[in-house]
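The structure appears right after this line, and notes come after that.
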Amino acid sequence: MPMKPLAGLFLALACVLGIAATGSVFELAYGDPDLGVTTTRLILGACLPGTVVALVLAIRINRPA
């Protein structure tokens, strides 16, 4: 089954947000984030639910009718 373009867009967004969340975790684990602890925590806090929402939307959009 081919992927619908909008589902692909949401899947790409989920990937980017997942990468940003992973990077934030490593920055915080290192102990001295480049953007500061507060900003890095905000990025992580926004990316985690954003990743899940984008992934769920991609799956729902691409589900056969």
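A pairwise comparison of heavy atoms in Arg63 and Lys4 identifies O-NZ, 4.1 Å as the closest pair. The two atoms that bring Ala58 and Phe10 nearest to each other are CB-CB, 3.8 Å, heavy atoms only.
At least one side-chain heavy atom of Tyr30 sits under 4.5 Å from a side-chain heavy atom of Asp32. Using a 4.5 Å cut-off on side-chain heavy atoms (C-beta onward), Leu35 and Glu27 make no contact. Pro33 is not listed as a side-chain neighbour of Thr39, based on a closest heavy-atom distance of 4.5 Å or more.
Grouping the Ile, Leu, Val, Met, Phe, Trp and Tyr side chains by contacts below 4.5 angstrom, directly or via other members, places Val37 with Leu44. In the hydrophobic clustering of ILVMFWY residues, with side-chain heavy atoms under 4.5 Å counting as a link, Leu57 and Leu6 come out together.
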Identify every side-chain donor-acceptor pair in residues 13-25 under 3.5 Å, counting partners at least two apart or on other chains, and give the distances.
residue, atom, partner, partner atom, Å
Thr22, OG1, Gly18, O, 2.9
Ser24, OG, Ala20, O, 3.0

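Ile59 pairs with exactly one of Leu55, Ile61, Asn62 by the side-chain contact (heavy atoms from CB on, under 4.5 Å) rule, that one being Leu55.
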